[in-house]
Enquirer: 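Dropping a structure here in structure tokens format, bear with me for questions.
For ligands, and for the atoms within them, numbers begin at 1 and follow the listed sequence.
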Amino acid sequence: MMPFKIIEVERTASTQSLILEMDREGTMREYTVVVTTDQTSGRGQGKNVWESERGKNLLFSMVLEPICTEASDQFLITQFISLAIVDTLKEYAVEEVRIKWPNDIYIGEKKVCGVLIQNNVIGNQISKTYIGIGINVNQEKFVLAPNPTSIALEKGREYDLREVLESVLERVLVRYKMLKEGKREEIKREYLDLLLYRGEKRKYVYKDKEIEAKIENVNCFGHLILETERGGKIVCELKELRFVIGK
Ligand code: BTN
């Protein structure tokens with residue numbers, strides 16, 4: 001599928017580690033994708049692991065060169081990729097797809113997809129981005145993941161992993177084009193409109209304290225802006241905030 005070059009590997013510790021290793025000379029061309037169905041040591045955000053039963057899910061990493069994006073605007077990468085994944089799930093007629101800030105993809109209140117983004121910055125520009133995506137497609141039982149779901153669990157049937165990959169890549173192209181055409185405001189608006197719990201008064205754990213607040217916005221650094229009951233604003237970093245899901 002143009003322009004992507006898909007490299008399939010039978011088994012690897014992590015497609016994200018593998019793609020970084022394969023590109024250690026920096027010569028890997030844009031749109032290279034490394035995909036596996038057997039990831040033995042999948043990496044999640046921070047110190048988390050990414051659980052995936054062999055042969056069941058879509059696990060891949062790709063390299064893009066969004067040189068049009070300034071380092072100060074790197075959250076746009078998170079945003080356009082999240083939109084591409086939401087588009088794909090909607091294509092599979094999955095309903096209630098939401099983005100849990102910053103880039104977990106949820107169906108209802110369950111996580112169906114996680115994204116790991118690593119950017120290389122030269123000067124003020126993003127020279128390369130390595131985007132790792134894990135989508136739970138056919139797995140039905142999970143051992144470690146806290147609140148998982150899969151497309152199969154939602155739809156009651158199995159899907160061809162290669163087809164799902166091709167759908168995602170097509171959607172990535174469309175959204176990436178928007179980024180390259182400078183349609184930032186549109187990307188930001190659509191991302192905001194899809195944020196899980198936005199505008200709802202909910203409980204969160206912020207810096208280890210329970211608070212009640214509403215998600216209002218995100219800033220260009222990707223911080224989440226919450227409005228508290230008294231109308232105050234909290235600007236949160238990823239590590240500072242925990243969602244209380246499903247209550
Ligand atoms: C998260 O939600 O914590 C991010 C999960 C990212 C998982 C994907 S699976 C393919 C790629 N390779 C990895 O080791 N991680 C990412």
Side-chain angles (χ1 to χ4, degrees), residues 4 6-24 28 31-64 74-75 77-86 88-89 97-120 128-139 142-151 159 161-162 164-169 171-172 191 194-196 222 224 237-243 245:
F4 291 98
I6 300 174
I7 303 172
E8 290 188 50
V9 293
E10 211 176 293
R11 171 187 296 166
T12 183
S14 152
T15 60
Q16 192 73 1
S17 305
L18 183 62
I19 204 167
L20 288 165
E21 166 68 17
M22 286 166 80
D23 196 28
R24 64 185 180 280
M28 182 179 268
Y31 298 113
T32 305
V33 175
V34 177
V35 60
T36 190
T37 56
D38 189 3
Q39 187 168 252
T40 53
S41 189
R43 290 163 50 197
Q45 299 279 354
K47 289 189 181 124
N48 296 342
V49 296
W50 184 252
E51 172 182 2
S52 184
E53 192 181 328
R54 176 158 58 92
K56 298 281 186 181
N57 300 318
L58 189 56
L59 306 157
F60 67 102
S61 294
M62 68 182 142
V63 55
L64 295 178
Q74 37 186 293
F75 196 58
I77 314 257
T78 302
Q79 292 175 311
F80 95 81
I81 278 295
S82 304
L83 292 181
I85 299 164
V86 171
T88 312
L89 291 168
V97 187
R98 291 279 176 280
I99 302 165
K100 174 177 165 272
W101 174 80
N103 57 9
D104 289 345
I105 310 300
Y106 269 53
I107 300 176
E109 294 183 305
K110 293 183 173 164
K111 181 163 169 174
V112 67
C113 168
V115 181
L116 198 61
I117 298 175
Q118 288 168 276
N119 293 322
N120 278 0
K128 261 189 180 172
T129 179
Y130 301 92
I131 303 171
I133 300 177
I135 304 180
N136 298 333
V137 179
N138 295 322
Q139 186 162 341
F142 294 83
V143 186
L144 300 167
N147 57 338
T149 189
S150 64
I151 307 182
Y159 292 84
L161 295 177
R162 180 70 187 206
V164 183
L165 174 64
E166 286 177 11
S167 303
V168 183
L169 296 180
R171 300 297 180 164
V172 166
Y191 173 90
L194 283 161
L195 270 190
L196 180 71
L224 189 69
E237 290 187 26
L238 182 58
K239 283 183 207 132
E240 297 172 335
L241 189 76
R242 193 157 56 74
F243 280 63
I245 300 287

Enquirer: In Å, rounded to the nearest 0.5 Å, how long is the span from CD1 of I6 to CE of M62?
Expert: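 Going from the CD1 atom of I6 to the CE atom of M62 covers 10.5 Å.
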Enquirer: I'd like to check the ring pair (Phe, Tyr, Trp, His ring centres under 6.0 Å) partners of F75; sequence neighbours left out, ordered by chain and number.
Expert: Y191
Enquirer: What does the list of residues with a heavy atom under 4.0 Å from ligand 1 look like, ordered by chain and number?
Expert: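 Residue list for ligand 1: S14, T15, Q16, Q39, G42, R43, G44, Q45, W50, L59, F60, S61, D104, K111, G114, V115, L116, G132, I133, G134.
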Enquirer: Quick check: do T36 and F60 have side-chain heavy atoms less than 4.5 Å from each other?
Expert: no
Enquirer: Can I get a per-line list of side-chain donor-acceptor pairs under 3.5 Å for residues 97-105, giving both atom names and the distance, sequence neighbours left out?
Expert:
from: W101; atom 1: NE1; to: G222; atom 2: O; distance (Å): 2.8
from: N103; atom 1: OD1; to: Q45; atom 2: NE2; distance (Å): 3.2
from: D104; atom 1: OD1; to: K111; atom 2: NZ; distance (Å): 3.0
from: D104; atom 1: OD2; to: K111; atom 2: NZ; distance (Å): 3.4

Enquirer: For S14, enumerate each residue passing the side chain to side chain donor-acceptor pair (under 3.5 Å) test, keeping only those at least two apart in sequence or located in another chain.
Expert: S17
Enquirer: Nearest 0.5 Å please: distance from the CD1 atom of I85 over to the CG atom of L58.
Expert: 9.5 Å
